[in-house]
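Keep in mind that the numbers below use all heavy atoms, side chains included, and drop hydrogens, waters and symmetry copies. For clarity, every value in this text was computed on a predicted model and none was experimentally measured.
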Amino acid sequence: MCPCICKPSYDSSVTDSQWAVIETLLPRTNPSLGGRPQVHSRRLIIDTISYVLVSGYAWRLVPHDLAPWSTAYQWFAAWTRDGTWARIHDVLRERVRTADGRDPQPSAAVLDSQSARSSEGGEAIGYDAGKRVRGRKRHLLVDTLGLMLVGIVHSASVQDRAGAKLVLTGIRDRFPQVGLVWVDGGYVNSVDAGLVRWAHEQENLEIVAVPRNADVKGFQVLPRRWVVERTFGWLTRCRRLARDYERKTAHAEAMIQFAMIRLMAARLAGEELTPPTSSVEIEAARRLAEDLKD
């Protein structure tokens, strides 16, 4: 298979500039292959995984001019197990922050969850009674640019405050400068303030709730919280993430990491992977531009 830089075959394929960002961070071999030579180039493997992510197609339905689905899945699973996706994601996040004039280490973050329906079996499937969704929850902690710091996938039956502890446990070890986390009112209320107390005592974090305006009906663009909502919007543009199709939570988390890798590689390459289209996204982009000026 040709290892050279070729024109992408599909809209989901990485461009030459994006590949230049990602290539040096990828392992050169698949650990499960031992010393056997590679038959398919790493770029073709990435394009195949990207096709599954963006199109939402099942692995077995990938076009024949991409890598065989079994080969691409094997690499995807191997790089999930050895932490390759997480490592590449963290490196690119620091580069994007640096290119944006920010400190590589964030000092504040935003936390929220998203319930995703699951059409498959697998581990950690539950029912979110509040959202009336059977499936899993994606719990994300993002920085003020909307870049993911921590992403954990767990059963939808896990309450938000319990899920928040899964995300925030050990956060100061990974991000020593993070001292403030914005959340919605569901994490902090007069009935149960245990998360705020736990975060202060165990992680030395300040949890600040950004409540909704009860007088306004429908969708609201809330201060700080719109950042993480926009990140969820970025993710669900990938049809594989519109629902939860993975049987393993580790693979579900890896798909989220891969989606963010594509987005950050595009930014570092000077390309816009997800240009704003809706009025909410345009307003969010305007607010971000104003924040950067301050």
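- In this structure a side-chain-to-backbone donor-acceptor pair under 3.5 Å is missing from T24 to A20.
- When the ring pair (Phe, Tyr, Trp, His ring centres under 6.0 Å) test is applied to Y73, the partners found at least two apart in sequence or on another chain are W59, H251.
- In terms of the ring pair (Phe, Tyr, Trp, His ring centres under 6.0 Å) criterion, residue partners of F258 (sequence neighbours excluded) are, by chain and number, W85.
- Under the salt bridge (Lys or Arg N to Asp or Glu O under 4.0 Å) criterion, R174 pairs with D90, not counting sequence neighbours.
- Listed by first and then second residue, the side chain to side chain donor-acceptor pair (under 3.5 Å) pairs involving residues 238-247 are R136-D244, R240-E246 (not counting sequence neighbours).
- No side-chain donor from either of D11 and Y51 sits under 3.5 Å from a side-chain acceptor of the other.
- Between the OG1 atom of T80 and the CH2 atom of W75 there is a distance of 13.0 Å, given to the nearest 0.5 Å.
- For the side chain to side chain contact (heavy atoms under 4.5 Å, CB included) test, residues two or more places apart in sequence or in another chain that qualify with L25 are I88, V91, L92, R95.
- Taking 4.5 Å as the limit, every side-chain heavy atom of R172 sits out of range of all side-chain heavy atoms of Q177.
- Classification of R97 and D103 as a salt-bridged pair fails, no side-chain N sitting under 4.0 Å from a carboxylate O.
- Applying the ring-ring contact (aromatic ring centres under 6.0 Å, His included) definition to pairs two or more places apart or across chains, those involving residues 139-158 are H139-H154, H139-Y187.
- By the side chain to side chain donor-acceptor pair (under 3.5 Å) test, S113 pairs with D160, sequence neighbours left out.
- By the side chain to side chain donor-acceptor pair (under 3.5 Å) test, E123 pairs with T249, sequence neighbours left out.
- For Y127, the ring pair (Phe, Tyr, Trp, His ring centres under 6.0 Å) criterion is met by no residue, not counting sequence neighbours.
- Considering only residues two or more places apart in sequence or on other chains, D112 meets the salt bridge (Lys or Arg N to Asp or Glu O under 4.0 Å) condition with none of them.
- Taking the side chain as every heavy atom from C-beta outward, L149 and F175 approach each other to under 4.5 Å.
- The side chain to side chain donor-acceptor pair (under 3.5 Å) check on T48 picks up nothing, with sequence neighbours excluded.
- Screening R267, H89, E94 against L147 for a side-chain contact (heavy atoms from CB on, under 4.5 Å) leaves a single residue, R267.
- Under the 4.5 Å side-chain criterion, counting only non-hydrogen atoms from C-beta, V14 is in contact with R43.
- Scanning for side chain to side chain donor-acceptor pair (under 3.5 Å) contacts around S155 gives S157, with sequence neighbours left out.
- In terms of modelled atom types and a separation under 3.5 Å, the side chain of S50 and the main chain of S13 share no donor-acceptor contact.
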